[in-house]
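This report refers to the structure that appears directly beneath it.
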Amino acid sequence: MNLETQQIVELVHQVFPDADVVSSQRFRGEHSNANYDLQLAAPASSIVLKIYSSDLDGHSAGKETRLLSLLTSETGVPVPRVLHFDDRGDLVSAPWALHARLPGQPLSEVIDTLDDPGLESVGYEMGRYLSRLHQIPLGEFGELFRSGPQNHPTEKGYVIAQATRWLEQCAEGGLLATATIDALDHLFVQTRLLTRRQACLIHGEYVTENTIVERGISGYHVTGVLEFAYAQAGSPELDMSTLFLREMERLPAFQKGFLDGYAESGELVRHFWGRLRLYQMFACLRGITAAHRSGQSQREQAYGAWIVDHLDPLDSAWSTAVQQP
């Protein structure tokens with residue numbers, strides 16, 4: 001959703017009636033929600049206007065507001081302070097919020113300028129913060145703060161239920177070859193890796209676009225983590241899957257720093273790499289169906305190609321040959 005200047009002013013005046021909007025600029029890059037970087041006068045401040053995606057219902061948008069109020073005190077993870085949240089739909093059709101502006105810029109904008117020590121340092125901080133989120137235990141796998149048909153008490157039950165739904169969509173829409181669909185179904189059903197006993201809080205979109213960094217004397221440091229509207233109860237490897245599909249594969253120093261930071265206060269379980277591969281398949285399957293719904297054919301094809309390149313029905317021993325993760 002793209003807003004006109006007058007619409008932005010009207011929303012800001014709901015919280016700051018006398019403020020002047022000196023400038024407004026939409027965040028660069030791809031983001032699930034529309035974020036506007038605002039500079040105000042009277043009072044002089046930097047804030048973010050967030051318009052939630054039409055893909056999200058009021059619960060999901062409100063979920064982020066609830067989480068942000070808890071995370072800093074619970075985990076020490078730097079997150080935005082919520083100034084206002086509104087899901088009434090009277091001024092704009094989608095839920096919206098005002099957040100305090102965190103200093104810095106998305107890591108995605110500078111990551112390709114960093115040398116190996118810089119990548120390792122930022123990766124270390126990202127891993128450390130993610131491990132803190134994962135230390136929050138939750139009762140079942142699936143949605144937060146409400147029960148629903150997609151929630152499940154076991155990890156494997158949750159994964160199979162979700163994957164089955166997405167595989168059916170792929171079959172109906174011709175998004176994957178029948179042999180690939182059958183191989184994925186067999187993989188998720190037969191795997192012995194999905195035995196995690198308890199769900200934990202996962203971010204849901206832990207990527208460089210949602211990580212804010214600021215340059216200091218000794219290099220860039222993580223100053224904030226954004227976008228908790230897609231948070232859920234799940235497994236750590238699912239939260240890492242997109243990072244490892246993208247930056248981690250091409251930036252080994254970034255990967256090393258991330259894993260070192262995560263292991264400092266979290267745990268990389270036995271058979272971590274097998275579980276990660278399994279969740280990468282899971283994430284790509286989810287990505288195919290989401291990209292198809294939004295008409296992003298190039299992204300849909302990229303997810304499908306990754307699955308085909310990495311899924312060999314005759315070479316699934318990494319997922320079925322062990323009893324415990």
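If you read the sequence from its start, that first residue is 1, and numbering goes on from there.
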**Asked** Among R197, R275, Q198, which one satisfies side-chain contact (heavy atoms from CB on, under 4.5 Å) with E155?
**Response** R275

**Item:** Pairing of R132 and E264 as salt bridge, 4.0 angstrom limit
**Value:** no

**Asked** Got a second to check how far I51's CD1 is from Q7's CD, nearest 0.5 Å?
**Response** 8.5 Å

**Prompt:** In terms of the angle between their ring planes, are F282 and Y158 parallel, tilted or perpendicular, with boundaries placed at 30° and 60°?
**Reply:** tilted

**Message:** Looking at H13 and A19, would you say the former's side chain and the latter's main chain have a donor-acceptor pair under 3.5 Å?
**Reply:** yes

**Prompt:** So do S265 and Q135 actually touch side chain to side chain, heavy atoms under 4.5 Å?
**Reply:** yes

**Item:** Among N33, N210, T211, side-chain hydrogen bond (donor to acceptor under 3.5 Å, both in side chains) partner for E227
**Value:** N33

**Asked** For the atom pair OG (S53) and OH (Y230), what is the distance rounded to the nearest 0.5 Å?
**Response** 4.5 Å

**Request:** Over 60° means perpendicular and under 30° means parallel, so classify the ring planes of F85 and Y52, tilted if in between.
**Result:** perpendicular

**Asked** At what distance, to the nearest 0.5 angstrom, does CG of L67 lie from CZ of F228?
**Response** 7.5 Å

**Message:** Once rounded to the nearest 0.5 Å, what's the spacing between atom CG of N35 and atom CD of Q25?
**Reply:** 12.5 Å

**Asked** So how far is it from L11 CG to Q6 CD, rounded to the nearest 0.5 Å?
**Response** 10.0 Å

**Asked** Do the side chain of Y206 and the main chain of M126 share a donor and acceptor less than 3.5 angstrom apart?
**Response** yes

**Prompt:** Do NZ/NE/NH1/NH2 and the carboxylate oxygens of K50 and E64 come within less than 4.0 Å?
**Reply:** yes

**Request:** Decide whether a cation-pi geometry holds between R128 and Y262; the criteria are a distance under 6.0 Å from NZ or CZ to the six-membered ring centre and an angle within 45° of the ring axis.
**Result:** no

